[in-house]
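Here's the structure we're looking at; comments come further down.
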Amino acid sequence: MILKRLKIKGFRNLKPHSLEMAEGLHLLFGENGAGKTNFLESMNILMGWGPFRGKSVGDVPCWHVKDEKTFVWGAFEGEESLEAAVGILKKTVFKVGGKLSSASEMRNMVPSLSFLPEDMALVEGGPSRRRSFIDRLCAVLFPLYASTIYDYRRLLRQKKAALERRSNISLVNRVMAERAVWIWSCRTAALDLLRLGLNEAKELLPDEIDVSLVRGGTLGIDDPREDFWESIKAFKEKEELYRTSIVGPHRDEIKIASNGRGVGDFFSRGHRRRTALALMLAAGWAVERKLRKKPILLLDEVMAELDMEGREILVKMLESMKWQTFVTTAEDVTPFWPGEVWIVDKGKVSLMR
Ligand SMILES: Nc1ncnc2c1ncn2[C@@H]1O[C@H](COP(=O)(O)OP(=O)(O)OP(=O)(O)O)[C@@H](O)[C@H]1O
């Protein structure tokens with residue numbers, strides 16, 4: 001799908017806009033603090049994902065204009081056509097085709113993926129980044145995924161409280177087991193698709209890459225349900241001693257390996273960045289393959305640490321995927337950019353060519 005028209009009002013530092021957008025690649029070029037990330041974020045919120053990580057929706061309305069309504073409106077075309085609007089105050093209110101809707105409906109109707117500067121460190125550091133990446137992909141691929149994760153987290157809190165009180169946790173374990181097994185099945189299916197997608201992004205990769213799920217805190221028995229229950233049994237005392245939940249998807253690791261070794265440990269920094277971008281492209285491919293809809297990609301400052309060759313490969317691959325893609329940059333890469341170039345200056349977004 002593509003976002004054909006976009007209207008923005010009262011959104012952070014952005015001036016009111018009404019813009020026509022083409023398909024294909026879009027570069028948003030401007031100085032630091034110009035509003036490039038804000039512009040991507042407005043689309044991210046419209047497509048049901050909320051503000052970028054760590055930011056609160058209450059901070060979105062422009063600080064300088066009192067009592068102005070904050071909204072983002074978009075007309076999407078492609079596999080489906082629809083008009084959607086989101087009004088933002090302390091919360092977000094969605095309308096699709098004039099009728100009340102929700103963020104999760106938007107996420108399912110208009111598949112989109114965002115990739116932020118911190119995602120460039122996807123293959124290194126702790127597992128929570130990789131879980132967040134796979135969760136975002138699963139939330140696009142499987143309509144009930146986001147609500148199941150929400151439910152699972154609620155159960156985790158209940159289990160923790162029960163462990164603190166030293167009360168019986170067998171009932172909460174039983175309810176958790178169903179969610180845990182389902183989340184594992186979704187993550188496994190998403191990783192199967194990612195593996196196929198990585199074949200399409202080979203050019204970016206320095207070597208063969210494999211991705212696999214290591215179930216959190218389990219004994220690693222083949223059957224996930226048996227794995228859950230046997231591990232719960234095996235670690236019962238430990239859970240009670242530490243009063244924390246050891247077994248389950250909240251402790252999963254997504255292993256990214258090359259020739260059997262974790263790439264975080266031995267790929268160079270640049271090659272780790274390329275691997276992260278290859279995973280992002282593979283995720284887009286997975287969405288298109290499963291949903292038969294072209295995703296919209298929002299990429300914030302992803303070219304900053306790539307060498308010239310890496311940038312050229314990335315742009316060539318994005319061109320060949322034919323997804324509508326928005327890329328921000330503070331570096332002047334406009335001469336070799338093959339698509340539309342937008343200049344972002346003090347909150348004003350205008351088409352350069
Ligand atoms: N609610 C708000 N109202 C008005 N201005 C805001 C609001 N929230 C953030 N801003 C301002 O928006 C400005 C632009 O931020 P943004 O992150 O979009 O810049 P950017 O072009 O992506 O910059 P960089 O290249 O440094 O990443 C920031 O300077 C910030 O102070």
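Residue indices begin at 1 and follow the sequence shown. Computed from a prediction, not measured in an experiment: that's the story for all the values here. One-based numbering, in listed order, for ligands and for the atoms of each. The figures that follow rest on heavy atoms only: side chains count, while hydrogens, waters and symmetry mates do not.
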Check your understanding: Do any nitrogen or oxygen atoms of Pro61 lie less than 3.5 angstrom from nitrogen or oxygen atoms of ligand 1?
Key -> yes
With a cutoff of 4.0 Å, is Val60 in contact with ligand 1, counting heavy atoms of the residue only?
yes
Item to complete: Using a 4.5 Å cut-off on heavy atoms from C-beta on, say whether the side chain of Thr218 contacts that of Trp184.
Response: yes
Closest to atom 6 (C) of ligand 1 among protein heavy atoms sits Trp63 CZ3, 3.5 Å
of all protein heavy atoms, closest to atom 26 (O) of ligand 1 is Asn32 ND2, 3.2 Å
(message) Can you confirm whether more than 12 heavy atoms, excluding those of Glu31, are under 6.0 Å from its CD atom?
(response) no
| Can you say whether the rings of His17 and Phe39 are parallel (under 30°), tilted (30 to 60°) or perpendicular (over 60°)? | perpendicular
The closest protein heavy-atom partner of atom 22 (O) of ligand 1 is Thr37 OG1, 2.6 Å
Salt bridge between Asp119 and Arg136, side-chain N to carboxylate O under 4.0 Å?
-> yes
Asp59 to ligand 1: N or O pair under 3.5 Å?
yes
Atoms of ligand 1 under 4.0 Å from any heavy atom of Ala34, numbered from 1 in the order shown, are 19 (O), 20 (P), 21 (O)
So the ring-ring contact (aromatic ring centres under 6.0 Å, His included) pairs with at least one residue in residues 147-176 (sequence neighbours excluded) are Tyr152-His250
Ligand 1 atoms nearer than 4.0 angstrom to some heavy atom of Glu31 are 21 (O)
For Lys293 and Met109, indicate whether the former's side chain and the latter's backbone hold a donor-acceptor pair under 3.5 Å. yes
Checklist entry - For Ile209, does its backbone N or O pair with a side-chain atom of Ser258 as donor and acceptor, under 3.5 Å? => result no
Of all protein heavy atoms, the one nearest atom 8 (N) of ligand 1 is Arg12 NH1, 3.2 Å
Ignoring hydrogens and angles, state whether a donor on the side chain of Ser112 or Trp49 is under 3.5 Å from an acceptor on the partner side chain. yes
Among non-hydrogen protein atoms, atom 12 (O) of ligand 1 lies closest to Asn38 ND2, 3.0 Å
Nearest non-hydrogen protein atom to atom 28 (C) of ligand 1, with distance, is Gly33 O, 4.4 Å
Heavy atom of Gly30, distance to ligand 1 below 4.0 Å: no
